[in-house]
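Just below is one structure, and these are the notes that go with it.
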Amino acid sequence: MLVCPGCKRLTHAAQLESLATRARSADAAGDLTGALEFWRVALELLPRDSKQYALVSSQITRLGQRLPQTH
């Protein structure tokens, strides 16, 4: 269950905050791959129809575009 049926709060809010902090720190340190990994884990803890899911998805897209392209 990703959302409490009673109060409608995210059930993994503390873990999501931790993942977001770690993702931002990794990004700031230039570790784009690490940041992506943290955001992807966070995405799995969010309901698809939530505003937070859309925000994390956009973070993942943004970071993916910044990764060096290898051919």
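Starting from 1, each residue takes its place in the sequence as its number. Keep in mind that what you see is a predicted model, and the values were worked out from it rather than measured. Reckoned from all heavy atoms, side chains included, excluding hydrogens, waters and symmetry mates.
- Applying the side chain to side chain donor-acceptor pair (under 3.5 Å) definition to pairs two or more places apart or across chains, those involving residues 58-67 are Asp27-Arg62, Asp27-Arg66, Gln59-Arg62.
- Pairing each heavy atom of Ala35 with each of Leu63, the nearest pair is CB-CD1, 3.7 Å.
- Follow the hydrophobic side-chain contacts under 4.5 Å out from Met1 and you never reach Val3; the two are in separate clusters.
- When every heavy atom of Ala26 is checked against every heavy atom of Gly34, the shortest pair comes out as CB-C, 4.1 Å.
- Annotation: side chain to side chain donor-acceptor pair (under 3.5 Å) contacts involving residues 33-47, sequence neighbours excluded, are absent.
- Counting only residues at least two apart or in different chains, side chain to side chain donor-acceptor pair (under 3.5 Å) contacts with residues 3-21 are absent.
- Arg24 meets the salt bridge (charged side-chain N to carboxylate O under 4.0 Å, His left out) test with no other residue; sequence neighbours excluded.
- A single hydrophobic cluster is not seen to contain both Leu55 and Phe38; linkage of ILVMFWY side chains at heavy-atom distances under 4.5 Å, directly or through other members, places them apart.
- Take Arg48 and apply the side chain to side chain donor-acceptor pair (under 3.5 Å) test, not counting sequence neighbours, and it matches Tyr53.
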**Request:** Could you give me the CA-CA distance, side-chain angles and deciding distance for Leu46 and Leu2, then say whether side-chain contact (heavy atoms from CB on, under 4.5 Å) is met?
**Result:** CA-CA 6 Å; Leu46 293 165; Leu2 301 176; 5.7 Å; no

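- Side-chain heavy atoms closer than 4.5 Å link hydrophobic residues (I, L, V, M, F, W, Y) into clusters, and following such links, possibly through other members, connects Leu32 to Val56.
- Distance check, rounded to the nearest 0.5 Å: CG of Leu43 to CD1 of Ile60 gives 4.5 Å.
- Taking CG from Leu10 and CG from Leu45, the interatomic distance works out to 9.5 Å, rounded to the nearest 0.5 Å.
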